[in-house]
Asker: 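Quick one: structure below, then a few questions.
To find a chain, count down the sequence lines: A is the first, B the second, and so on, and within it residues start at 1. The shown structure was predicted, so the numbers you read here are calculated from the model rather than taken from an experiment.
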There are 2 protein chains.
Amino acid sequence: MDLKKLRYFLVLADELHFARAAARLFIAQPPLSRQIRQLEKELGVELLVRTKRTVKLTAAGEYLRREAAALFAQVAALEGQVKLVGQGTLGQVKIGYVGAVMHTLLPSWLTELGRAYPHIGTVLEELPNQAQVDALRAGRLDLGFVRSPVAGDSLAAVPVLTETFSLVLAAAHPLAAKPDLALADLAGEPFICFSRDCAPAMVDAIFALCRAAGFAPRKAHETSQINTILRLVESGLGWSVVPSGVADGYRLNLRYVELAGSPERAEVSLLYNPALLSPAVRNIVALFTQLAKGEKKGR
Amino acid sequence: MDLKKLRYFLVLADELHFARAAARLFIAQPPLSRQIRQLEKELGVELLVRTKRTVKLTAAGEYLRREAAALFAQVAALEGQVKLVGQGTLGQVKIGYVGAVMHTLLPSWLTELGRAYPHIGTVLEELPNQAQVDALRAGRLDLGFVRSPVAGDSLAAVPVLTETFSLVLAAAHPLAAKPDLALADLAGEPFICFSRDCAPAMVDAIFALCRAAGFAPRKAHETSQINTILRLVESGLGWSVVPSGVADGYRLNLRYVELAGSPERAEVSLLYNPALLSPAVRNIVALFTQLAKGEKKGR
DNA sequence: CCATTATGATACCTCAAAAGTATTAATAAG
DNA sequence: CTTATTAATACTTTTGAGGTATCATAATGG
């Protein structure tokens with residue numbers, strides 16, 4: 001069964017007159033007669049009763065007429081949707097992210113994404129840096145928000161957020177009350193450290209900050225999740241240094257001291273695989289690059 | 001977009017190899033390449049990335065592959081269903097009936113219909129005789145259960161039920177207590193009559209019964225619904241004669257006396273329009289004719 | 001009742017497009 | 001550097017869809 005034959009049948013079912021239907025289809029009457037008979041032969045069913053100079057649909061014809069119309073609607077919808085996928089305005093995009101960005105730019109950027117491309121769906125997954133890099137290479141992920149720079153060759157990176165670091169300390173800690181609290185004050189205190197495996201560049205930057213303050217931190221605990229670091233700090237188990245942005249995200253009993261004086265910065269980049277660049281991902285990268293420019297200007 | 005091209009694409013998307021896909025489609029490789037490129041041109045979208053000796057689907061290709069598979073499933077289902085409609089095992093049939101048969105054979109016959117043809121749906125409508133005849137002629141109805149015989153030329157009738165008549169009287173009526181109650185006893189009493197317009201043959205038979213008993217009934221009230229007749233009789237407004245079958249249907253305070261002695265009979269026929277005979281209706285007529293034979297043998 | 005008209009079917013021809021064959025270009029592998 | 005693999009290209013063949021002319025049949029009008 002061919003869509004052309006079905007289209008012919010639909011017009012004929014509408015006109016119930018071979019010559020008029022053929023005219024509407026811009027073909028002559030005999031080919032129409034033939035196509036319809038072929039369709040009937042294929043289906044093994046009479047679709048029309050041709051009698052007494054008048055053409056009438058059989059029960060099977062009525063049924064086909066009703067259902068075929070629905071089928072054509074679906075085909076048309078499918079064609080349109082494939083075009084939209086090709087243009088990158090329809091689709092599903094898998095996005096990975098490090099936990100911290102959920103407290104900074106991700107929610108508002110996803111809102112913008114929904115506004116700009118309402119028919120693009122997202123699958124979101126919080127993942128450590130390296131897992132995202134692997135997933136992007138393998139095509140299991142379309143986009144990643146990672147702590148940059150990453151070693152990833154073959155992956156493209158767009159810096160989207162640059163943050164200062166902040167010293168963080170339990171509000172209940174004896175030193176928290178000190179007005180001009182600085183990094184050097186914590187030289188002897190236990191340090192809660194982000195895992196170097198997950199974001200080496202960021203950890204290196206934090207250690208560089210300490211070195212500039214004249215000491216090497218005493219590493220007491222290590223974890224790969226910002227949330228865990230802050231909970232440990234709040235519990236009085238030590239102090240830490242985190243990107244300043246997370247201060248807004250978690251409402252805990254903590255004292256933050258921004259370390260804006262030093263040149264060290266924590267950077268988040270948007271990562272994607274240029275070899276597997278779908279139109280939707282291309283559009284999103286463009287949108288997010290634009291948003292990143294706005295953020296920088298906005299500050 | 002053509003189903004043939006779509007089928008080619010589906011196989012290619014499955015194989016991701018032009019030569020193998022072409023072999024599976026029993027065509028040579030160049031025509032397949034051409035058809036796929038035509039499909040891409042029609043849709044205005046790249047469906048495949050042909051690079052590095054390896055073929056890969058784009059996002060649009062992935063989308064089309066998924067949706068096209070569903071589309072083919074629908075087309076196959078449609079083809080099957082049209083065939084079933086042609087065979088008369090799928091469809092919807094409009095059935096009219098006079099009220100009385102709802103208390104005799106209709107419920108059990110519809111159960112049998114559901115068992116024999118589970119995919120045939122029915123639209124049931126209680127209608128007087130003449131309305132059914134008109135609707136059958138106009139094609140608004142496929143089948144009718146009527147009091148026969150009917151004047152209807154051009155309609156085919158199959159007798160399906162022959163009933164004796166029963167005299168009916170309110171249980172509270174003075175005469176109801178009489179043990180050997182007969183028609184002649186009611187000569188002077190007011191008679192509740194079925195409308196002759198609706199089923200002339202049946203009313204004529206009832207009057208013939210009275211004439212045989214030696215009197216002409218004194219018509220007090222007239223209605224076209226059995227239910228109304230029985231209610232009026234129960235209220236003591238008069239007596240009537242009805243087909244015996246209805247005695248089982250209505251549980252009212254009535255006394256029935258079967259008039260089996262006379263040759264008069266009430267007959268129900270299955271009526272249909274042979275000019276508009278769909279396969280489903282043909283099957284149902286055959287089934288019901290069979291059931292009617294069983295009923296007759298069963299008695 | 002016959003001539004006329006309307007309508008779908010049939011016979012035959014034409015042509016476009018789909019499929020086939022041979023070959024090429026490009027790339028990966030040894 | 002050669003060989004093998006794979007899709008694309010050029011060209012030919014074949015199929016089948018569409019066109020024209022005509023026929024058969026049934027409704028319509030005088």
Asker: Can you tell me the distance, in whole Å, between the CG atom of Leu48(A) and the P atom of dT7(C)?
Answerer: 16 Å

Asker: Between Met1(A) and Leu3(B), which heavy-atom pair has the shortest distance, and what is it?
Answerer: O-CD1, 3.4 Å

Asker: Which listed nucleotide (dA9(C), dA7(D), dA17(D)) is nearest to the side chain of Phe18(B)?
Answerer: dA7(D)

Asker: So which nucleotide from dA7(D), dA22(C), dG20(C) ends up closest to the side chain of Pro30(B)?
Answerer: dA22(C)

Asker: Measure from CG on Leu39(B) to P on dA18(C) and round the result to the nearest Å.
Answerer: 12 Å

Asker: If you find the nucleotide of DNA chain C closest to Thr54(A) and the one closest to Asp2(B), which residue's nucleotide is nearer the 5' end?
Answerer: Thr54(A)

Asker: Check the distance between dG18(D)'s C1' and Gln35(A)'s CD and give it to me in whole angstrom.
Answerer: 9 Å

Asker: Could you give the NE2-to-P distance, from His17(A) to dA9(C), as a whole number of Å?
Answerer: 12 Å

Asker: Quick one: Ile27(A) CD1 to dA17(D) P, roughly how many Å, whole number?
Answerer: 11 Å

Asker: For a quick test of reading the model: is some side-chain N or O of Lys4(A) closer than 4.0 Å to OP1 or OP2 of dG18(D)?
Answerer: yes

Asker: Between Leu32(A) (CG) and dT10(C) (P), how many Å, whole number?
Answerer: 14 Å

Asker: Between Gln38(B) and Gln29(B), name the one whose nearest nucleotide on DNA chain C is closer to the 5' end.
Answerer: Gln38(B)

Asker: Which nucleotide in the list dA19(C), dT9(D), dA9(C) gets nearest to the side chain of Pro31(B)?
Answerer: dA19(C)

Asker: What is the separation between atom CZ on Arg7(A) and atom P on dA17(D), rounded to the nearest whole Å?
Answerer: 14 Å

Asker: Hey, does the side-chain of Arg34(A) have a donor or acceptor N/O within less than 3.5 Å of a partner on the base of dG19(D)?
Answerer: yes

Asker: What about Tyr272(A) and Phe288(A), are their ring centers closer than 6.0 Å?
Answerer: no

Asker: Check Arg115(B) with Glu112(B), please: is the shortest side-chain N to carboxylate O separation under 4.0 Å?
Answerer: yes

Asker: Using 4.0 Å as the upper bound for N to carboxylate O, is an ion pair formed by Arg140(B) and Asp134(B)?
Answerer: no

Asker: Using whole Å, what does the distance between atom P of nucleotide dA17(D) and atom CG of Leu3(A) come to?
Answerer: 14 Å

Asker: Consider the side chain of Arg37(B), meaning its heavy atoms from C-beta on, and name the nucleotide among dA18(C), dT9(D), dG18(D) that approaches it most closely.
Answerer: dT9(D)

Asker: Are the side chains of Arg7(B) and Leu25(B) in touch, meaning some heavy atoms are under 4.5 Å apart?
Answerer: yes

Asker: Can you tell which of dA7(D), dA19(C), dA9(C) lies closest to the side chain of Ser33(A)?
Answerer: dA9(C)

Asker: Among dA7(D), dA9(C), dG19(D), find the nucleotide with the atom closest to the side chain of Ala19(B).
Answerer: dA7(D)

